[in-house]
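Worksheet: one structure, shown below.
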Amino acid sequence: MDRASFYDQVYQVVRLIPKGRVTSFGAIASYLGTKGSSRMVGYAMNGAGVVIPAVPAHRVVNRNGLLTGKFHFETLTKMEELLALEGVKVVDDKVVDFKKLYWNPAEELDLER
DNA sequence: GCGTTGACGAGGA
DNA sequence: GTCCTCGCCAACG
């Protein structure tokens, strides 16, 4: 796994996010061991739409549950659309019941990887 | 090799 | 509760 760049590691984890669930950048960063590099997680998502298979970046939001990355999608409504299709309600660019839909890789994936 | 960037997070006022 | 500042670290030019 050491061959995988930080980007790849982020993609891997994001792809593991269950449908209808969301997580935060910090959670992913923490899981990868680079807790302080929470920004890198988001920065890595810049290639989420070009890598194969595609990365469900719409399931990744900031700690507020706010769709911070919606501006990086094809359209501004694309992100909340995808979430809505998965049963995730989005109001005012933020995930409803984010706390309940929150998916913690460290808890769900445990000692995976 | 250096400086800048950045879809964030935590702490303080 | 909100607003501001600092830090964090990998990728990019």
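Side chains are part of it too, since the values below use all heavy atoms of this structure and drop only hydrogens, waters and symmetry mates. In the text below, chain A, chain B and the rest are named by the order of the sequence lines, each starting its count at 1.
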### Query
Just checking A/A57: base, sugar-phosphate only, or nothing, at a heavy-atom cut-off of under 4.0 Å?
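Result for A/A57 = base.
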
### Query
With a 4.0 Å cut-off on heavy atoms, is A/F71 in touch with a base, just the backbone sugar-phosphate, or nothing at all?
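The answer is nothing, as A/F71 stays clear of every strand by at least 4.0 Å.
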
#### Entry: side chain to side chain donor-acceptor pair (under 3.5 Å) partners of residues 53-66 of chain A, not counting sequence neighbours, each pair once
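Every pair satisfying side chain to side chain donor-acceptor pair (under 3.5 Å) with a residue in residues 53-66 of chain A: A/H58-A/E86, A/R59-A/E86.
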
### Message
Can you work out whether A/S37 or A/Y43 has the more 5'-proximal nearest nucleotide on DNA chain C?
### Response
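Closest to the 5' end, via its nearest nucleotide, is A/S37.
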
### Query
Among all residues two or more places apart in sequence or in another chain, which pass the side-chain contact (heavy atoms from CB on, under 4.5 Å) test with A/L76?
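A/K70, A/F71.
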
### Query
Other than A/V91, which residues form its hydrophobic cluster under the rule that side-chain heavy atoms must be closer than 4.5 Å?
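A/V96, which link up through side-chain heavy atoms under 4.5 Å apart, make up the rest of the cluster.
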
### Base-contact (B) and sugar-phosphate-only (S) positions in nucleotides 8-13 of chain B, heavy-atom cut-off under 4.0 Å, - elsewhere
BSS---

### Task
Would you indicate whether the side-chain heavy atoms of A/T34 and A/V41 approach each other to under 4.5 Å?
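SC-SC contact between A/V41 and A/T34 ruled out.
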
### Task
Not counting sequence neighbours, which residues clear side-chain hydrogen bond (donor to acceptor under 3.5 Å, both in side chains) with A/K94? List them please.
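Residues passing side-chain hydrogen bond (donor to acceptor under 3.5 Å, both in side chains) with A/K94: A/D92.
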
### Which residues share a side-chain hydrogen bond (donor to acceptor under 3.5 Å, both in side chains) with A/S24, sequence neighbours left out
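Listed in chain order: A/Y102.
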
Just the rounded figure in Å: distance from [atom2] of [N] to [atom1] of [X].
X     : N      : atom1 : atom2 : value
A/L76 : B/dA7  : CG    : C1'   : 13 Å
A/D8  : C/dA10 : CG    : C1'   : 13 Å
A/N46 : C/dA10 : CG    : P     : 17 Å

